[in-house]
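Below is one structure; the comments refer to it alone.
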Amino acid sequence: MDKNIFYRSIPKVDILLEDERIQNAASIYERDTVMDAIREQTEYVRGLIRTCDEEETIRREIDNLIPDIIRRVEKMHTPDMRPVINATGTILHTNLGRAPISREHMARLAEVACGYSNLEYDLEAGRRGERYSHFEKLLCKITGAEAAMAVNNNASAVMLILSSMAKGGEVVVSRGELVEIGGKFRIPDVMEQSGARLVEVGTTNKTHYSDYADAVTEETKAFLKVHTSNYRIVGFTEYVGIDDLIPLGQEYDLPIIEDLGSGVLIDLSKYGLTYEPTVQDSIRKGADVVCFSGDKLLGGPQAGIIVGKKKYIDKMKKNQLTRALRIDKFTATALELVLQEYLSEENAVNKIPVLRMITKSAEEVEKSARRFKRMLERKGLKAAITLQKCESQIGGGSLPLERIPSMAVGIRPETMSVPELETAMRHLEVPIIPRTVNDTILMDVRTIEEDRMKLAADELKQIL
Ligand SMILES: *Cc1c(COP(=O)(O)O)cnc(C)c1O
């Protein structure tokens, strides 16, 4: 195959610019963007000629050069961040944006964020205010803590706490609690960044009270407990709970910090889940400072929430790092709204999407699944539609062993393979992300909101 013929058949830039379709694009969009698209696409085709040995593929790419250039220009002007339908059954899916925010809260958020707001303005006094003031009182009331604040996420909360309370000193932590969160984020590395030295005690499976006590030196600034969010050590194990550490803290006058990870504010065992220690528990037992994520089980925006003794929180508010880690008006607004729901547990469970999905009963899920199945059947899809029992999971590094009985609609396509259908679903305008089990596409209904089902059915009709 003479590749030079192919190289020569790529039109020169000035020729391309004379094409009517390109001129049309240049009149709608910026010429600059069109030029970039021409350069990128011709570069791509040249690369393909260099590496590909299938004449037909190369010819097709050359024939499609102009439509592909225009597609590139259009793509630049189409937002890439978009809503997707989560049919995986994983409620806190970190890749899919973790906790969804309720529509009601979003409407309020849009109102606040579109214009000016009192983010840092005290309307009573008519002077500068604090961005935490909008939700600090709520957090104190709900958790029983003296003071509260929030930063960008929980990883930064851990860093800020250690930097404010233990910089240049030592922090004692159990070897069984040196967590790696997703995305290669490791507690020991976060600690190092904070300027505190990590003193590991105990072993992976067992840490005793005496391990903590023996590790105390002149340099010790705090004890740190880390919730082993995304894994469990079972079997021959022993760990020291917050309540057991309190006397030790008192003896040496050292604060106890707890990174709770998920930040549960209600007793989930009432809803059939495994009991997960709540923030209130930690505060009641005497933890000096507790931090947790805003967008895990709390069900709010991405944030790292810090609650605890006022003297420590005040120190954090003054730390220079806080400026770098501070939350914006979106987070401050959304946090206040979600925390307000917690004033009544019933409200929280019904109105916060994450809690609503977690606590939805098996019967309710089955009803939704039957409804969704009927919708799909009415569309006359070229596929076998079934109902299948399945299990949802919490995800987001929370309650890793928990499996919630759920119901999925199974789809076995008749005109394409399962991987082809899965790819087509990902390329829909509102992409649908399912699970594939035993050569069937499973759409777990627990994570598909009722108001998205019609859209999902319409979209599936387009491809089946
Ligand atoms: C998830 C988690 C974090 C990190 O929280 P982000 O809000 O994702 O930064 C830190 N510590 C623990 C124990 C966690 O589970």
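Indexing begins at 1, ligand by ligand and atom by atom, following the structure's order.
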Q: Hey, could you give me each pair passing ring-ring contact (aromatic ring centres under 6.0 Å, His included) that has a residue in residues 73-129? Not counting sequence neighbours.
A: Tyr29-His77
Q) Among all residues two or more places apart in sequence or in another chain, which pass the side chain to side chain donor-acceptor pair (under 3.5 Å) test with Thr143? A) none
(Q) Can you tell me if Glu346 has over 12 outside heavy atoms packed within less than 6.0 Å of its CD? (A) no
**Q.** Set of side-chain contact (heavy atoms from CB on, under 4.5 Å) partners for Thr447, sequence neighbours left out
**A.** Asn86, Ile91, Met357
Q: Would you mind telling me which of Glu422, Arg426, Met443, His427 makes a side chain to side chain contact (heavy atoms under 4.5 Å, CB included) with Ile432?
A: Met443
Q) So, are Arg175 and Asp211 salt-bridged, with charged N and O less than 4.0 Å apart? A) no
Does ligand 1 have any N/O atom under 3.5 Å from a protein N/O, and what are those pairs and their distances?
residue: ligand 1; atom: 5 (O); partner: Ser293; partner atom: OG; Å: 3.1
residue: ligand 1; atom: 7 (O); partner: Asn154; partner atom: N; Å: 3.0
residue: ligand 1; atom: 7 (O); partner: Ser293; partner atom: OG; Å: 2.6
residue: ligand 1; atom: 8 (O); partner: Arg98; partner atom: NH1; Å: 3.0
residue: ligand 1; atom: 8 (O); partner: Arg98; partner atom: NH2; Å: 2.9
residue: ligand 1; atom: 9 (O); partner: Asn154; partner atom: N; Å: 3.2
residue: ligand 1; atom: 9 (O); partner: Ala155; partner atom: N; Å: 2.9
residue: ligand 1; atom: 11 (N); partner: Asn154; partner atom: ND2; Å: 3.4
residue: ligand 1; atom: 11 (N); partner: Asp259; partner atom: OD1; Å: 3.3
residue: ligand 1; atom: 11 (N); partner: Asp259; partner atom: OD2; Å: 2.6
residue: ligand 1; atom: 15 (O); partner: Ser229; partner atom: OG; Å: 2.4
residue: ligand 1; atom: 15 (O); partner: Lys296; partner atom: NZ; Å: 2.8

